[in-house]
Amino acid sequence: MELQTHILSPAFEPILDVFEQNFTDFEELGAGFAVILDGEPVLHITGGWADKRKTIPYGKDTLVPVYSTTKGIAALALGGLVEAHTRQGYGTLVSEIWPEFGVNGKEATTIGHVVSHQAGLPGFTEEIDPALWLDPPACAAALATIAPMWAPGTAHGYHPLTWGYMVGELARRLDPNGRTLGQYIATTMTNTTGEMGHNDLIDFWIGLPESEHERCADIARPKALARLGEVTPPRRAAFMTKWAAPNRNAKTWREVEIPSANGHGTALSIAQMYEPYAANGAQGDNHVTMTADMMRPFYPDTPDLVLDMNTSFAAGVMLNSHGHFGPNPDAVGHCGWGGSMAIADADRRLTCAYVMNKQSNILVGDPRATALVSAVYGCL
């Protein structure tokens, strides 16, 4: 297997051995890993294959969907809009921004409840056409009408898909220019539209243009179901119904904006997008509004009503109460379905991101990603 590597410091060379070992131990197909330290990319590795037939090398320009690792990036964008355009920040009632939402027991739901998975809407309990997921405005409108599964603010349970439709609708309504969240990211954070007055471009997209589809890797789906523990109504709504997810193989799925689940990028671009969490808002030539409120725990580290573990969330990122994001308990990050992961450690000013195209059934803390993050800390 041929690796494409960029290593700024020889101190990080041991990470190559761990990266290659993942191909032996876990039959990795194709993957990338990147590290940013003190604002500088110090490591970017890619290797393996972009296609299931193993004919196309997985390279530095190969794009993959990172599923829920998208959430931490979407949360940064929404956070800037919340800071700029609300008076009460995350304490703002959703209904003040989105009046149609404030019905059927959701009248007291705040933006903070939504971003920290306390809104009580982990999925649809009544059958929907799965195609609804591919029409974000219609899906958001449908979520606005239904009753929560628990009183918002009284418990938390992971919202794997619905989170993005609510966050996306809030972002669109908060933005004075009426941009969608993907458009807002493209014009203010990644420069993929070329509107930011400099040449820096971060190769990350929510809503992937057709022109970029040829760079996308094949995705090898997991062979086993995720481990969710006892089947409960919230878990069933989130993951276990026939209508719990859209057709993820369709061209439309790549192109629509699902801020909870279909961001596309490289390992380096994901690390770049998470860098503000480690750098108090700095991101290359770009700057993201960061507030202490974005990083505080919105709900104690307690059993999650959807994931079979304890979790604690800030304003869209997961806190490191479980230890999968390295040895610093103050690190933050997010994992994506199948194994992707990004972490940010402000104490070290360190950001790491792992992406791949062979999915596992582990929802949080895939061993391929955690081994690489552990190796990084061993090199510091």
Novice: Going by distance alone, is a donor N or O of one side chain under 3.5 Å from an acceptor N or O of the other, for N310 and T302?
Specialist: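 No, no side-chain donor-acceptor contact under 3.5 Å.
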Novice: Is the W133-F124 ring centre distance short of 6.0 angstrom?
Specialist: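 That pair passes the under 6.0 Å test.
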Novice: Please collect all salt bridge (Lys or Arg N to Asp or Glu O under 4.0 Å) contacts where either partner lies in residues 223-243, sequence neighbours excluded, each pair once.
Specialist: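 Sorted pair list: R235-D308.
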Novice: Is there a donor-acceptor contact under 3.5 Å linking the side chains of Y58 and D51?
Specialist: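 Judged by distance alone, the side chains do not pair up.
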Novice: With distance as the sole test, does S374 use its side chain to make a donor-acceptor pair with the main-chain N or O of A371 at under 3.5 Å?
Specialist: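 Between the backbone of A371 and the side chain of S374 there is no qualifying donor-acceptor contact (under 3.5 Å).
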Novice: Do we see a donor-acceptor contact under 3.5 Å between the side chains of D304 and T311?
Specialist: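 Indeed, the side chains of D304 and T311 share at least one donor-acceptor pair under 3.5 Å.
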Novice: Donor-acceptor pair, T162 side chain versus H159 backbone, under 3.5 Å?
Specialist: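 No; judged by distance alone, with no hydrogens or angles, the pair does not exist.
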Novice: For residues T86 and Q88, is any side-chain donor paired with an opposing acceptor at under 3.5 Å?
Specialist: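 Q88 and T86 do not have a side-chain donor-acceptor pair below 3.5 Å.
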Novice: Does N357 use its side chain to pair, donor to acceptor, with the backbone of D218 at less than 3.5 Å?
Specialist: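 The answer is yes, because a donor-acceptor pair under 3.5 Å joins these two groups.
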Novice: Please confirm whether H213 and W205 have ring centers closer than 6.0 angstrom.
Specialist: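 Aromatic pair excluded; centres sit 6.0 Å or further apart.
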Novice: Under a plain distance cut-off of 3.5 Å, with no hydrogens placed, do T180 and E257 share a side-chain donor-acceptor pair?
Specialist: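 The criterion, which ignores hydrogens and geometry beyond distance, is satisfied for T180 and E257.
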Novice: For residues 25-42, pull every pair meeting salt bridge (Lys or Arg N to Asp or Glu O under 4.0 Å), keeping only residues two or more places apart or in separate chains.
Specialist: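 Applying salt bridge (Lys or Arg N to Asp or Glu O under 4.0 Å) to every pair that reaches into residues 25-42, excluding sequence neighbours, yields E27-K358, E28-R368.
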Novice: When the ring planes of F33 and Y354 are compared, do they come out parallel, tilted or perpendicular, using 30° and 60° as the limits?
Specialist: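 The rings of F33 and Y354 sit tilted, inter-plane angle from 30° to 60°.
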Novice: If you measure only the distance, is there a donor-acceptor pair under 3.5 Å linking the side chains of S321 and D301?
Specialist: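 The criterion, which ignores hydrogens and geometry beyond distance, is satisfied for D301 and S321.
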Novice: Please check if the side chain of H85 supplies one atom and the backbone of V82 the other of a donor-acceptor pair under 3.5 Å.
Specialist: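 Not at all, since once roles are kept as given, no pair shorter than 3.5 Å links the two residues.
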Novice: Indicate yes or no for a side-chain donor-acceptor contact from S260 to the backbone of L161 under 3.5 Å, with no hydrogens or angles considered.
Specialist: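 Yes.
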Novice: Where is the tightest heavy-atom contact between A144 and K106, given as atom of each residue plus distance?
Specialist: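 The pair with the smallest heavy-atom distance is O-NZ, 2.8 Å.
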Novice: Side chains of S68 and K71: do they bring a donor and an acceptor to under 3.5 Å?
Specialist: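 Side chains of S68 and K71: pair found under 3.5 Å.
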Novice: Would you confirm whether R349, through its side chain, and A279, through its main-chain N or O, come within 3.5 Å as a donor-acceptor pair?
Specialist: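 No, because the side chain of R349 does not come within donor-acceptor range (under 3.5 Å) of the backbone of A279.
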Novice: Taking N262's backbone N and O only, do any of them form a donor-acceptor pair with H264's side chain (distance below 3.5 Å, no angle check)?
Specialist: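 It does hold such a pair.
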